[in-house]
**Student:** 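Mind looking over this structure? Questions follow.
Residue numbers start from 1 in every chain, and the chains themselves are labelled A, B, ... in the order their sequence lines are given, proteins ahead of strands. Excluded from the calculations below are hydrogen atoms, water molecules and symmetry mates; all remaining heavy atoms, backbone and side chain alike, are included.
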Protein chains: 2
Amino acid sequence: MSAPDISLLGYALLGLLGQKESSGYDLRKTFALTPMQSFSDSPGAIYPALKRLEKSGLIRGKVEQGSGLRRRQVFRLTAAGTAALKSWLRKPPTHDDVIRAVDEMMLRFSFMDVVLGPEDSHRFLVAFEGELMSYVPKLREYLAAHGAKLPLSAKLALECGIRRYEAHWQWAKDAQAAYRSFQTQCDG
Amino acid sequence: MSAPDISLLGYALLGLLGQKESSGYDLRKTFALTPMQSFSDSPGAIYPALKRLEKSGLIRGKVEQGSGLRRRQVFRLTAAGTAALKSWLRKPPTHDDVIRAVDEMMLRFSFMDVVLGPEDSHRFLVAFEGELMSYVPKLREYLAAHGAKLPLSAKLALECGIRRYEAHWQWAKDAQAAYRSFQTQCDG
DNA sequence: TATCCCATGTAACGAGTTACATGATTCT
DNA sequence: AGAATCATGTAACTCGTTACATGGGATA
């Protein structure tokens, strides 16, 4: 057990399969046609990844066959797959995640509601905001300290990076509010 | 010629070496201690990358040796290296870059002033803004069309991605203004 | 003398990229 | 009949990750 050793693509596939059983081709379409375009839709990425997940027992594929249908293998999560997905989603956001893996955190968040539920989503947002609250000022301090001696474009690039984090921060606050009002609706 | 086949890390090293000759250790420190922390500072990444660049003739290393000094190899760009760096920096930002490689674009921009000069930096910003201007509305439309049927966390994650692009967009406008006022100062 | 930091490297491994390949089905 | 789309796969290659290894010099 312990470290499951699944790539980001692997988790993306688990997450999508958690919402809806799909063939490799379906998943490729998702990557090609939705805002998940940061993932490659190349067969050389998806099919081997699906094979790895199946070999690890996290998903299982069934070949569909109705009369005139082309061969088409539909995958769904196994119990172990659901467990792996959950434990990935439950990992609290760390400082390192904020620096190196914001995109992964957003991917996790996007699956969270369905797999874990709104309470966990909200908790995630609070923790995420906490990390940003401590990191953004550090970046601002760095810019204040070293900005003067940087070339203009380097300074501006840093400013851009900081603003991106500030946008995430503001979003995290707004998203928390969205969950609170969602909660109120349920209670009311 | 044609496709130089240099990784993002390779270009980061070229860019840094273009500003200041450095040893592998210096470069590792840069990745470890500045906001370039999205790059790994592991020796297993940097030293092989430097070797590849040297083998391609883009950088050249000299072993420093003063009396009591430890062995330390300092690298600098060759003419071919400068040329490769310039041609990378001159690539206009594409739609695909915006979707898959924003970070690479920001890295490029950060080196641009020194290597190409402010006019090219400004041109880059205009082109970048153009791409965002056409992409952000598409994302907003997708959200409007499909948002209702998405789980809340998925909808919010998409909103976050859009806001990030909007932050880039606003930044691109502000950065252009910064170059204009810089230009005015030079003229005045 | 023990421990840290400087400074460089290598080896095994995993995973994505590109490109190629195949065959069935539907559309025109 | 030909083209496009559905649907899956594989092989070579590159590069980054992790972990290990090595030694000189400084500091306590």
**Student:** Side chains of A:Trp88 and A:Glu104: donor-acceptor distance under 3.5 Å anywhere?
**Tutor:** yes
**Student:** How close or far is atom C1' of D:dT18 from atom CD1 of B:Ile46, stated in whole angstroms?
**Tutor:** 14 Å
**Student:** Would you say B:Lys29 reaches C:dC6's phosphate, i.e. side-chain N/O to OP1/OP2 under 4.0 Å?
**Tutor:** yes
**Student:** Under 4.0 Å between a side-chain N/O of A:Tyr25 and OP1 or OP2 of D:dT8, yes or no?
**Tutor:** no
**Student:** Could you state the atom-to-atom distance from CG of B:Leu33 to P of C:dC6 in whole Å?
**Tutor:** 10 Å
**Student:** Using a 6.0 Å distance limit plus a 45 degree cone around the ring axis, check whether B:Lys173 lies over the aromatic ring of B:Trp169.
**Tutor:** yes
**Student:** Separation of A:Lys55 atom NZ from C:dG14 atom C1', in whole Å?
**Tutor:** 12 Å
**Student:** Between D:dT8 and A:Lys51, is there an OP1 or OP2 to side-chain N/O distance shorter than 4.0 Å?
**Tutor:** no
**Student:** Hey, is the main chain of A:Val63 close enough, under 3.5 Å, to the side chain of A:Arg72 for a donor-acceptor pair?
**Tutor:** no
**Student:** Output a table of nitrogen or oxygen pairs between the protein and nucleotides 16-19 of chain C separated by less than 3.5 Å.
**Tutor:**
unit_1, atom_1, unit_2, atom_2, d
C:dG16, OP1, A:Ser7, OG, 2.8
C:dG16, OP2, A:Arg52, NH2, 2.7
C:dT17, OP2, A:Ser40, OG, 3.3

**Student:** Which whole-number value in Å describes the distance from A:Glu104 CD to C:dA15 P?
**Tutor:** 14 Å
**Student:** Do the charged groups of B:Glu166 and A:Arg163 touch, with an N to O distance under 4.0 Å?
**Tutor:** no
**Student:** Under 4.0 Å from OP1 or OP2 of D:dG9: is there any side-chain N or O of A:Tyr47 that close?
**Tutor:** no
**Student:** What I want to find out is whether A:Asp97 reaches A:Lys91 closely enough, with some N-O distance under 4.0 Å, to be called a salt bridge.
**Tutor:** no
**Student:** Quick test of your reading of the model: are A:Asp120 and A:Arg123 salt-bridged, counting only N-O distances below 4.0 Å?
**Tutor:** yes
**Student:** Which whole-number value in Å describes the distance from B:Asp41 CG to C:dT8 P?
**Tutor:** 14 Å
**Student:** Mind calculating the distance between CG (A:Leu27) and P (D:dC6) to the nearest angstrom?
**Tutor:** 15 Å
**Student:** Look at the side-chain N and O atoms of A:Arg72 and state whether any lies under 4.0 Å from the OP1 or OP2 oxygen of D:dA7.
**Tutor:** yes
**Student:** Return the value, rounded to whole Å, for the distance between atom CD1 of A:Ile6 and atom C1' of C:dA15.
**Tutor:** 14 Å
